[in-house]
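Note that the structure is predicted; figures quoted are calculated from it, not measured. The analysis underlying the following values was restricted to heavy atoms, covering all of them including side chains, and did not include hydrogens, waters or symmetry mates. Positions are given from 1, in the same order as the sequence printed here.
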Amino acid sequence: MRRGDFYKENSCTPSSFDQVSYIKKVKNIYPELFYYPIEIVSDDIDWCINNFQFLDSVCFREKSSPVEDFIAICTAKNLIISNSTFSYWGGYVCKYLSKENIIIAPNFGSTLYHNHIAVQLHPEWSIVDVINK
């Protein structure tokens, strides 16, 4: 879950969107993915711990390096990614390593893009609409 410079105290950038609603929507669309333990990788794990308490069987990757986090997402069986370069690259590598992996991504890229649509999404990923709620 990308936070970093997308979300600063009391402000958001053009690349920010409601990540909690996104995860809730994914859970409603793909409930079978939530039957298994979920590992959350983030550059703001404290925010994730505070905001994703509604998830069952969740593990938060704490005190891991960006390299360790990248390896974890690349080798995951399934991914629910956010709209960050780190997530996109992890999704591409994960899908390359196994065509059976399910990658779920938001359709939102940035308010700077036409219609806010992310243009870098892989055609084999499952896309969740977070623009038209």
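For Glu68, the side-chain hydrogen bond (donor to acceptor under 3.5 Å, both in side chains) partners are Ser65, not counting sequence neighbours. Residues satisfying the ring-ring contact (aromatic ring centres under 6.0 Å, His included) test with Tyr92, not counting sequence neighbours, are His122, Trp125. Shown here are the side-chain hydrogen bond (donor to acceptor under 3.5 Å, both in side chains) partners of Thr75, two or more places apart in sequence or in another chain: there are none.
Going from atom SG of Cys48 over to atom CD of Glu62 covers 10.5 Å, rounded to the nearest 0.5 Å. In this structure, CD1 in Ile81 is found 8.0 Å from CD1 in Ile73, a value given to the nearest 0.5 Å. Rounded to the nearest 0.5 Å, atoms CD1 (Ile23) and OG (Ser82) are 8.5 Å apart. Between atom CH2 of residue Trp89 and atom SG of residue Cys94 there is a gap of 14.5 Å, rounded to the nearest 0.5 Å. One distance of note links CD of Glu100 with NZ of Lys77; it measures 9.5 Å at 0.5 Å rounding.
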- Query: How far apart are the C-alpha atoms of Asp43 and Phe86, what are their side-chain angles, what is the distance that settles it, and do they pass the side-chain contact (heavy atoms from CB on, under 4.5 Å) test?
  - Reply: CA-CA 10 Å; Asp43 59 348; Phe86 191 83; over 6 Å; no
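Listed for the Tyr22 side chain is no donor-acceptor partner under 3.5 Å among the backbone atoms of Val128. Proximity of a side-chain donor or acceptor of Asn107 to a complementary backbone N or O of Ile127 within less than 3.5 Å is not detected. A side-chain donor-acceptor contact under 3.5 Å links Asn78 to the backbone of Ile102.
Across all their heavy atoms, Ala76 and Asn101 have their closest contact at O-ND2, 3.3 Å. Counting all heavy atoms, side chain and backbone alike, Cys74 lies closest to Leu97 at O-CD1, 3.4 Å.
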Distance-only donor-acceptor hits, side chain of residues 49-59, under 3.5 Å, sequence neighbours excluded:
residue : atom : partner : partner atom : Å
Asn50   : ND2  : Asp46   : O            : 3.2
Asn51   : ND2  : Trp47   : O            : 2.8
Gln53   : NE2  : Ile49   : O            : 2.3

Report all side-chain donor-acceptor pairs from residues 28-40 shorter than 3.5 Å, counting only partners two or more places apart or in another chain.
residue : atom : partner : partner atom : Å
Asn28   : ND2  : Lys24   : O            : 3.4
Glu39   : OE2  : Arg61   : NH1          : 3.3

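With a 4.5 Å cut-off on side-chain heavy atoms, Ile104 and Leu79 do not count as touching.
No chain of hydrophobic side-chain contacts below 4.5 Å, direct or via other Ile, Leu, Val, Met, Phe, Trp or Tyr residues, connects Val93 to Ile71.
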